Amino acid sequence: MLFTSLDYYLFLPIVALVFFLTPVRFRWAWLLVASYYFYMDWNPWYIWLIVGSTLIDYTAALQIEGAANRQRKKAWLWLSIVANLGLLFTFKYFNFLSGEAAKVARLFQPEFEAYHLDILLPVGISFYTFQTMAYTIDVYKGFTKAERHLGRYALYVSFFPQLVAGPIERSRDLLSQFHFNYQFDYQRIVGGLQLILWGLFKKLVIADRLALFVDEVYGHPAQYEGFTVWLASVFFLFQIFCDFSAYTDIAIGSARILGVRLSQNFENRVYVITSFNKFWRGWHITLTNWFRDYVFFQLTPMGRGMAWILVATVISFTLNGIWHGAEWTFLIWGGLNGLFVALEALLSKPADRWLSQFGLSKGKPIRWLVDFALFFNLAVVSIIFFRAVNIQDAFMLIGQLPKVSPIQLHESIADIVGVRDFLIAAGMLIFMDVMHRLFRGQDIDAYFRQIPWWARLGFYVLLINLILYLRVPEQQAFIYFEF
């Protein structure tokens, strides 16, 4: 059930109406049923994976908390980790690793055939396995108490707004909200609907329109070069921001209607990249924080000095890349971003001293332009690996970048999407950025509480009309459904 489908906007009001009519002590049960139904709309059989993961981690957490010694605690923790990573390995990585092993085996036995599992990747598996692993690790470390109520814990694992593509929530933030001892709140409902409308605009009007250009260039890498490849990669950076942040907006808005607060996952203008360190503090925040807390912080005690910290940074980002998919392209993308973050930490102070000799000290507009030109274009080059179908296409596209031809760019725009549609896409990006400037780091609900009712109404009418008349007819799934 897509967040952009009519089915969802029949489902959500029914869920909300029944939720507020249900006695407080049974609301968790209704939302659990709704969440399981939501997930089973994709594939009914895969609900057993969520149920199995729920039961394993629920039991493991209770056993960890009640264990008499550290060895027993650690045994139950490893059971949880192995079970969750085992699910990920089986469904997400087995076929890739089997294929790569077969390539090596063919060097010695040319007729060797790889063994592949004939299974589909369950939607959301990377998100809910990381969420449940974080829970048992936090119980083990004493950061949170084990949840005794199986139903509420099951809802924590499967809560439908954030089940498929996050945000990845910590138990200490989300579980405590599932007592639902509050009443209908008009302002909260309106705030949720505002976020949903803003998310639909970003997805249907911007992300899916940018995809028309991006998909053509990346689908035929040998046919395009220079500015066309660069522009397609810039468009993809904005596409994935609009696509994934739109999902997050709709998820947060849907949860808000039900009185649940989900974590922010993106800063509004994170695409204005003047520092990789700052960029990763505002991009897919809950996943970045997950790798910081459960990978980076676990690696840093294993070595001493800045050198090991930089190595741990690269390892953490490389694993972040692998989390996105079983392809060499994701590994390289993650490793590159880890390298960029590490080099920035290592070189930023010497670079500041050197650039200040030429009048380019921090805080000056010209220095901001220099930083933006450098970091934004490095992000554009790295995102090629994220989007390319395979590693061969990625290197082909990067090799095409130096072949600059403005005429070829104009012809590509005309052939791929048409000048009118290109200008609409550019105009909508500018409109989004203007709104993000007005929000000033707030979400749309907080911003709209400060302006007159007639301005709010006018903005809603404008957004609805933009969605109705500028949306792309062919609906696309959210990008992060693939992960």
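Since the model is a prediction, treat every value here as computed from it, not as a measurement. Residue numbers start at 1 and run along the sequence shown.
- Taking the six-membered ring wherever Trp is involved, the centroid distance between the rings of Phe159 and Tyr39 does not fall below 6.0 Å.
- With values rounded to the nearest 0.5 angstrom, Trp280 atom CH2 is found 7.5 Å from Trp283 atom CH2.
- Annotation: the span from Ile250 atom CD1 to Leu193 atom CG amounts to 12.0 Å, rounded to 0.5 Å.
- Ser98 places no side-chain N or O within 3.5 Å of a backbone atom of Phe94 that could act as its donor or acceptor partner.
- Aromatic ring centres of Phe330 and Phe386: separated by under 6.0 Å.
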Take Ser254 and Tyr8, measure what side-chain contact (heavy atoms from CB on, under 4.5 Å) needs, and give me the verdict at the end. CA-CA 10 Å; Ser254 300; Tyr8 184 72; 2.7 Å; yes
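- Ring-plane geometry between Phe160 and Phe11 is classed as perpendicular, the angle between the planes exceeding 60 degrees on a 0 to 90 degree scale with a lower cut at 30.
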Working for side-chain contact (heavy atoms from CB on, under 4.5 Å), residues Glu327 and Ile322: CA-CA 7 Å; Glu327 293 289 345; Ile322 294 170; over 6 Å; no
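- Ala351 meets the side chain to side chain contact (heavy atoms under 4.5 Å, CB included) test with no other residue; sequence neighbours excluded.
- Within the 4.5 Å cutoff, no side-chain heavy atoms of Ser35 are placed close to those of Leu163.
- Of the possible polar contacts, one joining the Gln264 side chain to the Phe266 backbone as a donor-acceptor pair under 3.5 Å is found.
- Of the possible donor and acceptor atoms, one in the side chain of Glu169 sits under 3.5 Å from a partner among the backbone N and O of Ser263.
- Under the side-chain hydrogen bond (donor to acceptor under 3.5 Å, both in side chains) criterion, Tyr46 pairs with no residue at all, not counting sequence neighbours.
- Contact of the Ile424 side chain with the Arg209 side chain is registered, since non-hydrogen atoms from C-beta on lie closer than 4.5 Å.
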If you apply the rule side-chain hydrogen bond (donor to acceptor under 3.5 Å, both in side chains), what do you find for Ser275 with Asp371, and how did you get there? CA-CA 7 Å; Ser275 159; Asp371 288 345; over 6 Å; no
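- Between Pro161 and Leu262, the shortest heavy-atom distance links the atoms CB-CD1, 4.4 Å.
- Ring orientation note: the planes of Phe276 and Phe375 are nearly perpendicular, at an angle over 60° on the 30°/60° scale.
- Phe459 has its ring centre no less than 6.0 Å from the ring centre of Tyr447.
- Without hydrogens or angle criteria, Thr228 side chain to Tyr224 main chain gives no donor-acceptor distance under 3.5 Å.
- Without hydrogens or angle criteria, Trp198 side chain to Ile444 main chain gives no donor-acceptor distance under 3.5 Å.
- Screening Phe291, Phe296, Trp290 against Tyr294 for a ring pair (Phe, Tyr, Trp, His ring centres under 6.0 Å) leaves a single residue, Trp290.
- In the model, Thr288 has no side-chain atom that pairs as donor or acceptor with a side-chain atom of Asn320 under 3.5 Å.
- The shortest side-chain heavy-atom distance between Leu237 and Ile273 falls under the 4.5 Å cut-off.
- Checked by atom type, the side-chain pair Tyr156/Thr132 shows no donor-acceptor distance below 3.5 Å.
- Residues Thr129 and Ile125 come closest through the heavy atom pair OG1-O, 2.6 Å.
- In this structure a side-chain-to-backbone donor-acceptor pair under 3.5 Å is present from Asn265 to Thr286.
- Aromatic ring centroids of Tyr93 and Phe89 lie 6.0 Å or more apart.
- Leu120 and Phe91 get closest at one heavy-atom pair: O-CD2, 3.6 Å.
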side-chain contact (heavy atoms from CB on, under 4.5 Å) between Ile332 and Ile391, intermediate numbers included: CA-CA 9 Å; Ile332 293 173; Ile391 198 167; 3.3 Å; yes
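- Of the possible donor and acceptor atoms, one in the side chain of Lys92 sits under 3.5 Å from a partner among the backbone N and O of Trp323.
- For the pair Asp208 and Arg471, the salt-bridge criterion is not met [side-chain N within less than 4.0 Å of a carboxylate O].
- Ring geometry for Phe244 against His284 counts as perpendicular: the plane angle is over 60°, on a 0 to 90° scale with 30° as the lower cut.
- Judged by distance alone, with hydrogens and angles left aside, the side-chain atoms of Ser53 form no donor-acceptor pair with the main-chain N or O of Leu49 at under 3.5 Å.
- Under the 4.5 Å side-chain criterion, counting only non-hydrogen atoms from C-beta, Phe241 is not in contact with Phe236.
- Contact of the Asn377 side chain with the Trp230 side chain is registered, since non-hydrogen atoms from C-beta on lie closer than 4.5 Å.
- To the nearest 0.5 Å, atoms CD (Gln392) and CE (Met396) are separated by 8.5 Å.
- Side-chain atoms of Leu88 and Phe130, non-hydrogen and from C-beta on, do get closer than 4.5 Å to each other.
- Taking CZ of Arg269 as the reference point, atom CG of Asp433 lies at 4.0 Å (rounded to 0.5 Å).
- For Tyr218 and Phe213, the ring centers are positioned 6.0 Å apart or more.
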Might you work through the salt bridge (Lys or Arg N to Asp or Glu O under 4.0 Å) test for Arg387 and Asp215, ending with a clear yes or no? CA-CA 9 Å; Arg387 177 59 183 82; Asp215 292 350; 2.8 Å; yes
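- Summarising the local packing, CZ of Arg261 is surrounded by 12 or fewer heavy atoms from other residues, nucleotides or ligands at distances under 6.0 Å.
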Hey, mind stepping through Trp42 and Val164 against side-chain contact (heavy atoms from CB on, under 4.5 Å) and telling me if it holds? CA-CA 11 Å; Trp42 274 288; Val164 176; 3.5 Å; yes
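- Between the Tyr480 side chain and the Ile240 main chain, no donor and acceptor come within less than 3.5 Å of each other.
- Using a cutoff of 4.0 Å between basic side-chain nitrogens and carboxylate oxygens, Arg170 and Asp293 are scored as salt-bridged.
- Closest of all the heavy-atom pairs between Ile384 and Ala394 is CG2-O, 3.8 Å.
- Residues Phe127 and Gln131 have side chains not in contact (no heavy-atom distance under 4.5 Å, counting atoms from C-beta outward).
- Cation-pi contact between Lys203 and Tyr247: absent, since separation from the ring centre below 6.0 Å together with deviation from the ring axis within 45° is not met.
- A 4.5 Å side-chain heavy-atom check between Asp243 and Lys202 finds every atom pair outside the cut-off.
- Of the listed residues (Leu197, Leu462, Thr4), just one forms a side chain to side chain contact (heavy atoms under 4.5 Å, CB included) with Ile467, and that residue is Leu197.
- Distance check, rounded to the nearest 0.5 Å: CE of Met1 to CG of Leu12 gives 10.0 Å.
- Considering all non-hydrogen atoms of both residues, Val229 and Gln400 come closest at CG2-CB, 4.1 Å.
- Proximity of a side-chain donor or acceptor of Asn337 to a complementary backbone N or O of Trp333 within less than 3.5 Å is detected.
- Contact record, Leu200 with Tyr9: CD2-OH, 3.6 Å, taken as the closest heavy-atom pair.
- In this structure, Tyr271 and Phe238 have tilted ring planes: the angle between them lies in the 30° to 60° band.
- With rounding to the nearest 0.5 Å, the separation of CG in Leu466 from CD1 in Ile206 is 9.0 Å.
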